[in-house]
Amino acid sequence: MSISTASQIRIFDTPEQLAHQVADWTVEQASKSGARFALCLSGGETPKRLYELLATPAYQARIPWDRTHCFWGDERVVPHDDPQSNYHMAWEALLRHVPIPAENIHAIPTEHMSPAAGAAAYATTLKRFYGADTLDSRRPLFDIMLLGLGEDGHTASLFPGSPTLTETERWVVPVMGETPPDRITLTYPVLASSRVTAFLVAGEGKRDALARVRAGDPALPASRVQSAGEIYWFIDRAAAAAPAFSRV
Ligand code: 6PG
């Protein structure tokens with residue numbers, strides 16, 4: 001269960017405070033990383049302010065960009081310059097402003113190939129970076145896995161009732177016919193291969209989904225996220241106003 005007593009739950013009055021706290025936390029995690037700092041980014045709106053902050057001089061100088069590698073937990077099957085693209089959002093908010101080597105930016109391929117081919121190509125990219133074809137829980141692929149929460153309880157592009165929820169072999173899969181546009185997503189075993197995992201959740205619209213995840217509702221994909229390390233929930237007051245969080 002992704003929100004258990006073992007989880008770190010941190011609630012902030014505003015999304016701005018949340019973004020600043022996660023930026024500080026990201027710097028702290030980077031200082032604990034080894035030769036490479038592997039950051040798996042999430043899409044959607046909530047992490048955008050975090051990305052903008054990490055690009056500011058105050059934070060930029062505290063991240064080892066030369067040994068930082070950026071990946072994505074999921075992507076919309078649109079060109080990388082499309083406003084709906086998770087790559088595009090992170091590029092505009094963060095990556096084009098910081099001295100990260102171009103070869104350290106590992107975007108999910110969405111152009112000139114089918115979503116299935118894009119998923120397979122990205123699995124190859126991840127395995128090449130990892131240096132093996134099977135994951136070892138003692139050696140997580142990522143240092144940080146950033147995730148969001150949809151109002152229906154989806155995370156990355158793992159949607160309620162989707163066959164992708166039971167995938168245990170493939171590292172990356174196409175997601176067709178859920179919410180348009182089609183998507184490509186990492187699967188649960190790969191999402192779990194992270195030294196730490198952080199959910200960023202803001203806004204009243206997330207209150208019900210958050211309460212259900214807190215109650216361990218298995219119908220919500222976010223409830224079933226595991227991690228090789230600790231799971232942090234960074235939540236704003238508007239989302240955490242559910243009784244389930246009254247004692248936090
Ligand atoms: C995506 C995301 C998705 C997102 C949630 C929350 O591609 O949309 O990866 O899982 O994190 O939908 O999105 P918001 O932060 O925009 O509410």
Side-chain angles (χ1 to χ4, degrees), residues 2-3 12 14-16 18-19 22-23 39-53 70-95 106-110 115 118-119 122 142 144-162 164-165 167 172-188 190-192 194 197-213 219-225 227 231-241:
S2 59
I3 301 187
F12 304 98
T14 64
E16 183 67 13
L18 184 156
V22 182
L39 187 51
C40 193
L41 304 174
S42 71
E45 276 306 305
T46 310
K48 189 173 176 187
R49 184 64 187 132
L50 164 67
Y51 300 162
E52 290 168 350
L53 283 173
C70 285
F71 299 88
W72 279 260
D74 71 322
E75 184 58 279
R76 294 94 179 264
V77 181
V78 293
H80 283 163
D81 60 1
D82 186 295
Q84 292 188 82
S85 161
N86 289 340
Y87 166 84
H88 179 77
M89 186 274 273
W91 172 256
E92 289 299 325
L94 171 62
L95 298 172
H106 309 278
I108 297 178
T110 57
Y122 205 57
F142 303 113
I144 294 183
M145 170 62 63
L146 293 179
L147 290 170
L149 177 69
E151 294 189 6
D152 61 356
H154 81 261
T155 192
S157 283
L158 296 171
F159 290 93
S162 166
T164 56
L165 302 180
E167 179 65 51
V172 191
V173 293
V175 180
M176 318 299 281
E178 294 283 357
T179 59
D182 290 332
R183 312 277 189 111
I184 294 174
T185 190
L186 273 52
T187 56
Y188 277 131
V190 183
L191 293 181
S194 189
T197 295
F199 280 92
L200 279 58
V201 183
E204 190 178 341
K206 305 295 173 69
R207 211 175 277 177
D208 294 346
L210 200 53
R212 289 177 64 190
V213 172
L220 273 63
S223 298
R224 293 154 61 176
V225 169
S227 179
I231 297 182
Y232 289 75
W233 284 83
F234 295 100
I235 307 170
D236 80 342
R237 191 83 45 209

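Side chains included, hydrogens not; waters and symmetry mates left out as well; all remaining heavy atoms used. FYI, the numbering just counts along the sequence from 1. Atoms within a ligand are numbered from 1 in the order they appear, just like the ligands themselves.
Taking distance alone, with nitrogen or oxygen atoms compared against 3.5 Å, S42 stays at or beyond that limit from ligand 1. Between T46 and ligand 1, at least one pair of N/O atoms sits closer than 3.5 Å.
Taking each heavy atom of V225 and I231 in turn, the nearest pair found is O-CD1, 3.7 Å. In plain terms, the two heavy atoms of T46 and K206 that are nearest each other are OG1-NZ, 4.2 Å.
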Determine whether E178 and S162 satisfy the following criterion, side chain to side chain contact (heavy atoms under 4.5 Å, CB included), listing intermediate values before the conclusion.
CA-CA 8 Å; E178 294 283 357; S162 166; 3.4 Å; yes
One pair to check against side chain to side chain contact (heavy atoms under 4.5 Å, CB included): D81 and W91. What are the steps and the verdict?
CA-CA 9 Å; D81 60 1; W91 172 256; over 6 Å; no
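Summarising the contacts of atom 16 (O) of ligand 1 with E45, H154, R183, the nearest heavy atom is found in E45. Considering each of G148, G43, A156, the one bringing a non-hydrogen atom nearest atom 3 (C) of ligand 1 is A156.
Ligand-side atoms of ligand 1 in range of R76: 1 (C), 7 (O), 8 (O), range being under 4.0 angstrom from any heavy atom.
When hydrogens are left out, the protein atom nearest atom 9 (O) of ligand 1 is D74 OD1, 2.6 Å; that is the closest non-hydrogen contact. Counting only heavy atoms of the protein, atom 6 (C) of ligand 1 lies nearest to L149 O, 3.6 Å. Here the protein heavy atom with the shortest distance to atom 13 (O) of ligand 1 is G44 CA, 3.9 Å.
The neighbour count for Q84 CD, taken as heavy atoms of other residues, nucleotides or ligands under 6.0 Å away, is above 12.
Contact annotation for N86 and ligand 1: only side-chain heavy atoms (C-beta onward) come within less than 4.0 Å of the ligand. Contacts between K206 and ligand 1 below 4.0 angstrom, taking non-hydrogen atoms only, involve the side chain exclusively.
Residue T197 holds its OG1 atom at 9.5 Å from CD1 of I144, rounded to the nearest 0.5 Å.
Of the residues I108, V172, V175, T155, the one that meets the side chain to side chain contact (heavy atoms under 4.5 Å, CB included) test with T185 is V175.
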